[in-house]
Peer 1: 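Structure provided below as structure tokens; questions to follow.
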Amino acid sequence: MTDTTPALMWFRDDLRLSDNPALTAAAQGGRPVIALYVLDEDSAGLRDMGGAARWWLAGSLRALGAALARSKVQLVLRQGPAARVVPEVARAAGCEVVAFNRRAGRAEARVDDEVEALLEKQGCAVERHLGQLLHQPGSVRTQAGGMPRTFSAFQRSALRDRPAPLPQRAPSLTGLKTRLESEDLDSWQLEPSKPDWAGGLRESWKPGEAAAHEVMSDFIDGGLSGYAEGRDRPDQIHVSRLSPYLRFGEISPRQALAAVLHAGEAGTAPMADARKFESELYWREFSYHLLHAVPDLARRNLQANFDAFPWRECSGDLKAWRRGLTGYPIVDAGMRQLWQTGWMHNRVRMIVASFLCKHLLLHWTEGESWFWDTLVDADPANNPASWQWVAGSGADAAPYFRIFNPVLQGEKFDPKGDYVRTYVPELAHLPRNLIHKPWEAGGLELAQAGVRLGITYPRPIVDHAAARDRALRAFEHTRKDTRAAG
DNA sequence: GTGGTTTTATC
DNA sequence: ATAAAACCA
């Protein structure tokens, strides 16, 4: 006997068919499935997606729609507040069950509660699953029962009851005979048209579940060996590039972890590298743990003593940072990689973030907002948590005196200057001993490289030593303020 | 004195 | 993480 009453699968940040607990639950017993995605820009408190993430979402929904269509399942696209749309579609399809995977944000949870209440009123059961994280946010506790405050305490606690990394296969799906009303993806205008700035994104990325698994295989066959060290090198290939796929759930953390650990156990890659990757996945878990505890993570300093920090306001400096025109090659290369490809290597993210917060003394929220708008992997938990970590206001933040020297960082992690040459082509002909500090080049060397400082490439907008002193003084100032206030 | 390495201070 | 100070050959 198969159940012929259809179930509704409400897709959100889990745009995949495999290892999707809510989808598996919806398809249980062979009952027909209706798939729904709601573009909700109306419900209170939800953060509107940034431009690059919207571009990604369009490609991802197209891929998901095509994959579902192969199983004759319709992906219904609807725009509007979820509390109106979801019950409406459930009623139109005659569903008695609605399944979805939980979201971590408080506003999102509020929307989900409202949807659930309305669905139950119309006789529809709701099933919530854990699909986007290894651990349910809020569930990881220290042995004493408290909330772990630092990453290492969090990871230690979480690994005490390590979830079995056994990803599920995609369920076999059956569709409905009848078609439901659906909107045209193009009418949502998720992709830019005038101007079309997405050329670099199209060249760099292929959204969708199938592509996620290709990227993961490439990583395991290529960059995973040597990941622990190589992940800090923007000139090398030792990073997974899975972040946007994880952000939109085109691959689950459980799938990524299982694949990498399997490679470690099979001897394809050193286990130490696999463990390092696991640890990076746990940074993501920790960010969601923080978001769960502090819903306004993107606005509020986790360390209250940062509320008095004397941030500067300078639209010129902010603009130079955004455009990659600070005069520090490694910073500018990173900011241009971001602008061109919608992504930045993690080591370089830390360098540019440190530069914004410490050298320029601009508020970390300015950087967080820019990343939110320009990253294809812009993540509601990772992005603010990582910015706070760099700024020093975070839970288990980098100590304030950790001020990156952009020259030393460049020389250490991009020793030949290949990364700079790729994204700052006007410096491409400088020799490697000068590429991270063109202002130290002599007139002849500059002329030979075709660089005219201040014309073809800017001089540094701040002097490193002076900026470092200023940042240390600013921190001291806040410390005194806090004491006086306390 | 020099050049390189190690130690310490920054909170 | 960095930079200055201390150390050493």
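Numbered from 1 within each chain, the chains take letters A, B, ... in sequence-line order.
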Peer 1: When you check the gap from the basic side-chain N to the acidic O, do A/Glu214 and A/Lys206 get nearer than 4.0 Å?
Peer 2: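 Salt bridge present between A/Glu214 and A/Lys206.
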Peer 1: Can you measure A/Ile351 atom CD1 to C/dT2 atom C1' for me and round it to whole angstrom units?
Peer 2: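 One finds 14 Å between C1' of C/dT2 and CD1 of A/Ile351, rounded.
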Peer 1: Please give, in whole Å, the distance from B/dA9 C1' to A/Asp469 CG?
Peer 2: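 Between C1' of B/dA9 and CG of A/Asp469: 14 Å.
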Peer 1: Would you kindly give the CZ-to-P distance between A/Phe475 and B/dT10, to the nearest whole Å?
Peer 2: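 After rounding, the gap between these two atoms is 13 Å.
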Peer 1: Are any protein N/O atoms closer than 3.5 Å to N/O atoms in nucleotides 5-7 of chain B? If there are, list each pair with its distance.
Peer 2:
none

Peer 1: Between C1' on C/dA3 and CZ on A/Arg470, what's the gap in Å once rounded to a whole number?
Peer 2: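 Interatomic distance, CZ of A/Arg470 to C1' of C/dA3: 19 Å.
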Peer 1: Decide, yes or no, whether a salt bridge links A/Arg349 with A/Asp377 under the criterion of side-chain N to carboxylate O below 4.0 Å.
Peer 2: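 Here A/Arg349 pairs with A/Asp377 in a salt bridge, since their nearest N and O are under 4.0 Å apart.
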Peer 1: Would you say CZ of A/Arg323 has more than 12 non-hydrogen atoms from neighbouring residues, nucleotides or ligands within 6.0 angstrom?
Peer 2: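 Yes - once you tally the heavy atoms of other residues, nucleotides and ligands closer than 6.0 Å, there are more than 12.
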Peer 1: Using every non-hydrogen atom in the two residues, find where A/Arg254 and A/Pro21 come nearest and quote the distance to one decimal.
Peer 2: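 Looking at all heavy atoms of both residues, the closest pair is NH2-CG, 4.1 Å.
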Peer 1: Within residues 401-417 of chain A, find the residues that approach DNA chain C with a heavy atom at under 4.0 Å, and present them sorted by residue number.
Peer 2: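 The answer is A/Phe401, A/Arg402, A/Ile403, A/Phe404, A/Asn405, A/Leu408, A/Gln409.
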Peer 1: Should A/Arg128 and A/Asp113 count as an ion pair when the cut-off is N to O under 4.0 Å?
Peer 2: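 Yes, this pair counts.
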Peer 1: Under 6.0 Å from the six-membered ring centre of A/Trp205 and within 45° of its axis: does the NZ or CZ of A/Arg241 meet both?
Peer 2: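 Yes, cation above the ring, under 6.0 Å and within 45°.
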Peer 1: So, is A/His464 near the phosphate of C/dT2, with a side-chain N or O under 4.0 Å from OP1 or OP2?
Peer 2: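 No, A/His464 has no side-chain N/O under 4.0 Å of OP1/OP2 on C/dT2.
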Peer 1: Without decimals, in angstroms, what is the distance between A/Tyr328 OH and C/dT2 P?
Peer 2: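 Whole-Å distance recorded here is 13 Å.
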Peer 1: Does the pair A/Arg247/A/Asp13 count as a salt bridge with the N-to-O cut at 4.0 Å?
Peer 2: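 Answer for the salt bridge query: yes.
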Peer 1: Test side chain to side chain contact (heavy atoms under 4.5 Å, CB included) on A/Leu242 and A/Phe277; report intermediate values, then the result.
Peer 2: CA-CA 11 Å; A/Leu242 283 173; A/Phe277 182 81; 4.1 Å; yes
